[in-house]
Number of protein chains: 2
Amino acid sequence: MVNSLRTDAQGREQLAKSGYRSTPQRRVVYRLLQQNVDHPTANEVFLRARQALPGISMATVYNCLEALVQCGLIRQVNLDRTASRYCANMDEHCHFCCECCGSLFDVHCASDAVRRQAQLPPGFQATRYELVIRGICATCAAERRPQREQRPEKAGAPVV
Amino acid sequence: MVNSLRTDAQGREQLAKSGYRSTPQRRVVYRLLQQNVDHPTANEVFLRARQALPGISMATVYNCLEALVQCGLIRQVNLDRTASRYCANMDEHCHFCCECCGSLFDVHCASDAVRRQAQLPPGFQATRYELVIRGICATCAAERRPQREQRPEKAGAPVV
DNA sequence: CTAATAATTTTAATTATTCCAAGTTTTGAC
DNA sequence: GTCAAAACTTGGAATAATTAAAATTATTAG
């Protein structure tokens, strides 16, 4: 399904292409992201990485994530103004953000078609299209179905 | 062109519908956003609002923006982890972000078609689709054309 | 007019992230 | 292998954007 997974050797090579070294910390962070599809934040990565590398620091986690993003092994996902999330799925996809539980899901999306919809002004050159879908995930929808109302107040979805 | 502009009276009514009052500060902030299509940040709104209301505070600007967003008079645009930007154009549109100069542009986009491209898992319900296009705006493209290279280093676009 | 409610202001705190200096590790040249 | 240079890691300080708390002011209902 996901065809973007890289072995350690491939990871090292990809890092090297951008002038980065493959370090134990970077390998742990990358592997951790490959094994978890829940788009963790830097802090969540830190907590998980500490299980393998008890001495790792937050600054190093940020450094690793930066290096992995720069060399194209992972991508950074920014939603709202909450902490950045990180994603090792480099296949073309967009993100669904549940406004109820805040979870983030990968969603397949034919970007060619999306591309065609935007009418760029003359002279503008697009390099990337990022689609974010907001709504309610299946789990939250199932839990909600019984009740029929929505909160009218400035409730503010718990986006985290 | 833009059909979402509201008069003061309409603005007041819209605020009231969500339980907010129309205050001098909110009116100034709203009018300012209507007159500027450049998607200012909270700080930029603050600086401009001060011209009309020298005593206004940053916290009030945030409060005003929050109220205007909540009642649907303006929208908040979050890109990367930079400061939020605000936009009084409530017509359906997506945003183009120039990776060279950081400017943000409204772009017409047929969202029905975009909607059809995303294959949501069963049970998922979408409420909003947000498309962000990144690339180079006409101005920057024109300035760049002479030179043919792109920076290979981790340059990091000046996304402001 | 008065009380109750809401908005604004000022100040302080929080959050996520970046920067920095110092020590450590890795790499490449010899 | 040894040495110097470059890259990395670390802990802590610094920063930017935002939010929260407390006090003051304005508005509205009665």
Side-chain angles (χ1 to χ4, degrees), chain A residues 11-30 39-47 49-50 52-71 76-86 102 153-160, chain B residues 11-12 15-30 39-47 49-50 52-71 76-86 102 153-160:
Chain A
R12 166 182 284 273
E13 192 185 351
Q14 187 104 0
L15 280 162
K17 265 194 278 184
S18 302
Y20 292 104
R21 290 178 188 164
S22 172
T23 68
Q25 289 85 348
R26 287 175 185 169
R27 283 192 295 274
V28 164
V29 167
Y30 181 47
H39 304 83
T41 62
N43 191 54
E44 287 162 352
V45 170
F46 172 60
L47 295 176
R50 252 201 325 207
L53 297 167
I56 197 171
S57 75
M58 195 69 206
T60 298
V61 169
Y62 274 107
N63 174 315
C64 293
L65 292 170
E66 162 80 4
L68 293 168
V69 167
Q70 287 299 327
C71 77
Q76 185 175 18
V77 183
N78 295 304
L79 279 168
D80 305 304
R81 295 248 342 136
T82 57
S84 291
R85 297 168 167 284
Y86 298 87
E153 263 314 301
K154 42 176 172 174
V159 179
V160 167
Chain B
R12 167 182 284 273
L15 279 162
K17 264 195 277 184
S18 302
Y20 292 104
R21 290 180 191 163
S22 172
T23 68
Q25 289 85 348
R26 289 176 185 167
R27 281 192 296 274
V28 164
V29 167
Y30 182 47
H39 303 84
T41 62
N43 191 53
E44 287 162 352
V45 169
F46 172 60
L47 295 176
R50 249 199 329 205
L53 298 167
I56 196 170
S57 75
M58 193 70 207
T60 298
V61 168
Y62 273 108
N63 174 318
C64 293
L65 291 170
E66 162 79 4
L68 292 168
V69 167
Q70 287 299 328
C71 77
Q76 185 175 19
V77 183
N78 295 305
L79 279 169
D80 305 306
R81 296 248 341 136
T82 57
S84 292
R85 296 167 166 285
Y86 298 87
E153 264 314 301
K154 43 175 172 173
V159 180
V160 173

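Each chain gets a letter, A, B and so on, in the order the sequences are listed, and its residues count up from 1.
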Peer 1: Nearest whole angstrom, please: distance from the P of C:dT15 to the CG of A:N78.
Peer 2: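 My rounded result for the distance is 19 Å.
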
Peer 1: So B:L68 and B:L15, do their side chains get closer than 4.5 Å, heavy atoms only?
Peer 2: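 B:L15 reaches B:L68 side chain to side chain.
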
Peer 1: Which one, D:dA17, D:dT28, C:dT17, comes nearest to the side chain of B:R21?
Peer 2: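 Of all the options, the side chain of B:R21 is nearest to D:dT28.
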
Peer 1: Between B:L65 and B:Q76, is any pair of side-chain heavy atoms under 4.5 Å apart?
Peer 2: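 A side-chain contact is absent here, since even the closest heavy-atom pair is not under 4.5 Å.
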
Peer 1: Between B:Q76 and B:P24, name the one whose nearest nucleotide on DNA chain D is closer to the 5' end.
Peer 2: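 Taking each residue's closest nucleotide, the earlier one in sequence belongs to B:Q76.
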
Peer 1: It should be established whether A:S57 places a side-chain nitrogen or oxygen under 4.0 Å from OP1 or OP2 of nucleotide D:dT10.
Peer 2: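 For A:S57, the contact criterion (side-chain N or O under 4.0 Å from OP1 or OP2 of D:dT10) is met.
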
Peer 1: Phosphate oxygens OP1/OP2 of D:dC8: is one of them under 4.0 Å from a side-chain N or O of A:R26?
Peer 2: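 Answer is yes, contact under 4.0 Å.
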
Peer 1: Please confirm whether the shortest side-chain N or O distance from B:T23 to OP1 or OP2 of D:dA26 is below 4.0 Å.
Peer 2: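 The answer is no; no side-chain N or O of B:T23 sits under 4.0 Å from OP1 or OP2.
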
Peer 1: Please determine whether a side-chain nitrogen or oxygen atom of A:T41 lies at a distance below 4.0 Å from atom OP1 or OP2 of C:dA16.
Peer 2: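 No, no such contact exists.
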
Peer 1: Do any N or O atoms from the side chain of B:R81 and from the backbone of A:T82 form a donor-acceptor pair under 3.5 angstrom?
Peer 2: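 Side chain of B:R81 to backbone of A:T82: a pair is present.
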
Peer 1: Would you kindly compare B:N63 and B:R81 by the position of their nearest DNA chain C nucleotide and give the one closer to the 5′ end?
Peer 2: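 Its nearest nucleotide being more 5', the pick is B:N63.
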
Peer 1: Does a side-chain N or O of B:Q25 approach OP1 or OP2 of C:dT9 to a distance below 4.0 Å, or not?
Peer 2: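 Yes, within the criterion.
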
Peer 1: Quick check: on DNA chain C, is the nucleotide nearest B:C64 upstream (toward 5') of the one nearest A:A59, or the reverse? Name the residue that is more 5'.
Peer 2: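 Nearest nucleotide further toward 5': that of B:C64.
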
Peer 1: With respect to the phosphate group of C:dT18, does any side-chain polar atom (N or O) of A:Y62 fall under 4.0 Å of OP1 or OP2?
Peer 2: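 Looking at the OP1 and OP2 atoms of C:dT18, neither is under 4.0 Å from any side-chain N or O of A:Y62.
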
Peer 1: Between the side chain of B:R26 and the main-chain N/O of B:R21, is any donor-acceptor distance below 3.5 Å?
Peer 2: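 Yes, the answer is positive, given that a donor and an acceptor are paired below the 3.5 Å cut-off.
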
Peer 1: Rounding to a whole Å, what distance do you find between B:I56:CD1 and C:dA7:P?
Peer 2: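 Interatomic distance, CD1 of B:I56 to P of C:dA7: 14 Å.
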
